[in-house]
Structure formats: C-alpha cells, structure tokens
Enquirer: 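Structure in structure tokens, see below.
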Amino acid sequence: MKFNKMIPELLVTDIKKSKEFYVDILGFELMYERVENGFVFLQLKDDIQIMLNQLTEDDNWITGDMDYPFGRGINLSIEVSNVEEIYNRINSKKHKIFIEMKDNYYRQNDIMLGNREFLIMDPDGYLLRFNQDIGEYKLGE
C-alpha cells in the first residue's frame with residue numbers, strides 16, 4: 001500500500017459512527033484499523049486517504065477545546081474523477097448535503113479554474129468539499 005505524502009487525521013467522538021459514515025455513505029474503503037486504539041485508515045478511489053482516531057481525554061493531539069462542530073474554519077478539498085457519482089450516492093442514502101452541487105470558478109492569476117463541487121459535513125462537523133475539474137478559461141477570452 002502506498003501512502004500519500006499528506007494524509008489528514010481527524011479526531012472523532014464516535015469511531016463506529018464515523019467509520020459507518022465514511023464507508024457506507026461516502027464509499028471509502030477500510031484499508032486497516034486498530035480496534036484497540038479506535039483508529040481506522042480509509043481510502044477512496046482516486047488515491048484519497050484519511051485517518052480517523054477516537055478522541056480520548058488523555059489525547060496528546062488536542063490543542064484546544066473540542067466542541068462541535070470540529071474543524072471550524074477549514075474544509076477538506078477532495079478532488080475526485082466523478083463528483084456526480086459521490087453526490088448521487090449521498091443523496092440515495094438520504095444524507096443531508098451542506099452546500100448543494102454547483103459549478104464554481106476560482107481565479108488563478110489570469111486563468112479561471114472550474115470546479116463542480118458540493119460540501120457535506122461529517123458526524124463531528126468536519127466539512128468535506130468534493131470537487132471535480134470542469135475546465136478552465138483565460139480571462140478576457
């Protein structure tokens with residue numbers, strides 16, 4: 001198994017509930033877990049990897065109060081090859097979408113980069129932004 005150079009590790013309040021969300025709702029695959037530590041390593045096609053770790057009182061990673069929603073001020077941008085497939089999967093599971101799918105363009109110098117994207121919130125309030133490249137154009141053209 002090849003590990004990405006950057007893999008987010010999220011502290012979660014209920015590892016079972018989070019694992020079910022990421023596997024059953026989003027379609028991640030369980031690569032391995034350490035049940036005794038409340039830890040799972042998950043991967044989604046397109047080489048997207050994430051680690052989830054059960055929050056404990058004596059956790060050394062905590063830098064402040066862990067109040068819901070976790071991850072305030074950050075969203076994890078996840079580029080996928082078929083954003084509609086994930087969006088439809090989530091809708092078929094009747095899970096709430098935080099921001100509905102739409103096309104957005106972001107300026108990079110004189111180029112506008114297109115993304116079809118939507119946002120969903122995981123059980124602990126982390127924002128996940130799934131997006132797919134829909135092309136680009138040069139400003140003034």
Side-chain angles (χ1 to χ4, degrees), residues 1-139 141:
M1 177 173 154
K2 183 177 185 309
F3 292 96
N4 292 346
K5 300 230 183 247
M6 182 175 173
I7 306 169
E9 181 171 348
L10 306 178
L11 292 175
V12 300
T13 56
D14 183 336
I15 192 67
K16 183 176 187 260
K17 185 176 179 181
S18 292
K19 179 179 158 185
E20 289 172 358
F21 171 79
Y22 281 87
V23 172
D24 297 341
I25 303 290
L26 299 181
F28 277 77
E29 180 183 352
L30 175 65
M31 302 307 289
Y32 67 91
E33 65 184 314
R34 292 189 300 268
V35 176
E36 69 279 9
N37 299 114
F39 175 89
V40 296
F41 188 97
L42 305 171
Q43 183 165 310
L44 187 65
K45 61 184 172 182
D46 299 312
D47 295 326
I48 297 157
Q49 298 173 334
I50 193 165
M51 298 179 287
L52 306 176
N53 196 7
Q54 176 73 46
L55 180 64
T56 62
E57 290 293 322
D58 60 346
D59 203 313
N60 293 329
W61 301 107
I62 298 174
T63 59
D65 293 337
M66 295 296 292
D67 297 320
Y68 183 88
F70 293 179
R72 288 179 291 259
I74 188 171
N75 71 74
L76 299 175
S77 179
I78 304 167
E79 184 177 353
V80 294
S81 58
N82 189 339
V83 74
E84 285 91 359
E85 179 183 318
I86 295 171
Y87 182 79
N88 291 336
R89 177 187 177 98
I90 293 166
N91 278 325
S92 74
K93 303 284 186 174
K94 307 286 189 230
H95 194 83
K96 183 180 183 236
I97 302 290
F98 186 75
I99 295 179
E100 291 293 330
M101 186 152 47
K102 62 182 175 177
D103 294 350
N104 288 314
Y105 285 84
Y106 302 99
R107 188 177 64 77
Q108 178 189 10
N109 298 322
D110 63 345
I111 304 289
M112 296 300 288
L113 305 174
N115 283 290
R116 179 161 296 135
E117 59 191 17
F118 70 93
L119 279 86
I120 187 168
M121 192 178 277
D122 87 348
D124 288 293
Y126 293 107
L127 275 179
L128 309 172
R129 178 171 47 143
F130 287 92
N131 60 77
Q132 179 180 349
D133 180 358
I134 56 171
E136 62 185 53
Y137 66 89
K138 187 170 180 143
L139 289 171
E141 290 185 358

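Atoms considered below: every heavy atom in the structure, side chains included; atoms not considered: hydrogens, waters and symmetry mates.
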Enquirer: Side chains of Lys138 and Met112: does their closest heavy-atom pair fall under 4.5 Å?
Expert: no
Enquirer: List for me each residue that meets salt bridge (charged side-chain N to carboxylate O under 4.0 Å, His left out) alongside Glu136, sequence neighbours excluded, and say none if there are none.
Expert: none
Enquirer: Working to the nearest 0.5 Å, report the span between CG of Asp67 and CZ of Arg72.
Expert: 5.5 Å
Enquirer: Should Tyr68 and Thr13 count as side-chain neighbours, where that means a heavy-atom distance under 4.5 Å?
Expert: no
Enquirer: List the steps, then state whether side chain to side chain contact (heavy atoms under 4.5 Å, CB included) holds for Ile86 with Val83.
Expert: CA-CA 5 Å; Ile86 295 171; Val83 74; 5.6 Å; no
Enquirer: Should the pair Phe39 and Tyr32 be assigned to parallel (<30°), tilted (30 to 60°) or perpendicular (>60°) ring geometry?
Expert: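 The arrangement is tilted - the two ring planes meet at 30° to 60°.
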Enquirer: Check step by step if side chain to side chain contact (heavy atoms under 4.5 Å, CB included) holds for Phe21 and Ile120.
Expert: CA-CA 11 Å; Phe21 171 79; Ile120 187 168; 4.1 Å; yes
Enquirer: Checking side chain to side chain contact (heavy atoms under 4.5 Å, CB included) for the pair Phe28/Ile50: CA distance, chi angles, key distance, verdict?
Expert: CA-CA 9 Å; Phe28 277 77; Ile50 193 165; 3.8 Å; yes
Enquirer: In Å and rounded to the nearest 0.5 Å, what is the CG to CE distance from Leu11 to Met51?
Expert: 10.5 Å
Enquirer: Test your reading of the model: is there a side-chain donor-acceptor pair from Glu9 to the backbone of Asn53, 3.5 Å cut-off?
Expert: no
Enquirer: Between Glu85 and Arg89 (salt bridge meaning N to carboxylate O under 4.0 Å), is one present in this structure?
Expert: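 Arg89 and Glu85: not salt-bridged.
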Enquirer: Could you go step by step and tell me if Phe98 and Phe118 meet the ring-ring contact (aromatic ring centres under 6.0 Å, His included) rule?
Expert: CA-CA 8 Å; Phe98 186 75; Phe118 70 93; over 10 Å; no
Enquirer: Looking only at non-hydrogen atoms, find the nearest pair between Lys17 and Pro123 and report the distance.
Expert: CE-CB, 4.1 Å
Enquirer: Checking Arg34 side chain against Glu36 main chain: does a donor-acceptor pair fall under 3.5 Å?
Expert: no
Enquirer: Could you give the distance from CD1 (Ile78) to CD (Glu117), rounded to the nearest 0.5 Å?
Expert: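 Interatomic distance, Ile78 CD1 to Glu117 CD, rounded to 0.5 Å: 12.0 Å.
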Enquirer: Using atom types as modelled and distance alone, determine if a side-chain donor or acceptor of Arg116 lies under 3.5 Å from a backbone N or O of Glu84.
Expert: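 Checked: no pair found.
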Enquirer: Are the side chain of Asn115 and the backbone N or O of Ile134 linked by a donor-acceptor pair below 3.5 Å?
Expert: no
Enquirer: Establish, from distance only, whether the side-chain atoms of Glu79 and Asn131 form a donor-acceptor pair under 3.5 Å.
Expert: no
Enquirer: Which salt bridge (Lys or Arg N to Asp or Glu O under 4.0 Å) pairs, counting each pair once, include a residue from residues 118-127, with sequence neighbours left out?
Expert: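 As it turns out, there is no salt bridge (Lys or Arg N to Asp or Glu O under 4.0 Å) pair with a partner in residues 118-127 once direct neighbours are skipped.
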Enquirer: How close do Met66 and Ile62 get, counting heavy atoms only, and between which atoms?
Expert: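 For Met66 versus Ile62, the nearest heavy atoms are CG-CG2, 4.0 Å.
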Enquirer: Return the orientation label for the Phe3 and Phe41 ring planes: parallel under 30°, perpendicular over 60°, tilted otherwise.
Expert: perpendicular
Enquirer: Passes side chain to side chain contact (heavy atoms under 4.5 Å, CB included), Asn82 versus Tyr87? Steps please.
Expert: CA-CA 9 Å; Asn82 189 339; Tyr87 182 79; over 6 Å; no
Enquirer: How far apart are the closest heavy atoms of Lys93 and Asp24, and which atoms are they?
Expert: CE-O, 3.2 Å
Enquirer: Any donor-acceptor pair under 3.5 Å linking the side-chain atoms of Gln43 with those of Glu29?
Expert: no
Enquirer: Give a yes or no answer on whether the side chain of Asn4 reaches the backbone of Ile7 with a donor-acceptor pair at less than 3.5 Å.
Expert: no
Enquirer: With rounding to the nearest 0.5 Å, note down the distance linking CG in Leu55 to CD1 in Ile15.
Expert: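 Between atom CG of Leu55 and atom CD1 of Ile15 there are 10.5 Å.
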Enquirer: Quick check: closest heavy atoms across Lys45 and Ile48, and the distance to 0.1 Å?
Expert: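 Where Lys45 meets Ile48 most closely, the heavy atoms are O-CD1, 3.7 Å.
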Enquirer: Determine the minimum heavy-atom distance between Gly125 and Met121, stating which atoms define it.
Expert: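 Where Gly125 meets Met121 most closely, the heavy atoms are CA-CG, 3.3 Å.
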Enquirer: Does any non-hydrogen side-chain atom of Leu44 lie less than 4.5 Å from one of Leu26?
Expert: no
Enquirer: Nearest 0.5 Å, please: how far is CD1 in Ile74 from CZ in Arg129?
Expert: 11.0 Å
Enquirer: Is there side-chain contact between Ile111 and Tyr137, with at least one heavy-atom pair below 4.5 Å?
Expert: no
Enquirer: Got a second to check how far Asn75's CG is from Leu128's CG, nearest 0.5 Å?
Expert: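 Rounded to the nearest 0.5 Å, the CG-CG separation comes out at 8.5 Å.
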Enquirer: Specify the closest pair of heavy atoms between Ile97 and Ile90, including all atoms of both residues, with the distance to one decimal.
Expert: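 So the minimum-distance heavy-atom pair works out to CD1-CG2, 3.5 Å.
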Enquirer: Is a side-chain N or O of Glu33 found less than 3.5 angstrom from the main chain of Leu42, in a donor-acceptor match?
Expert: no
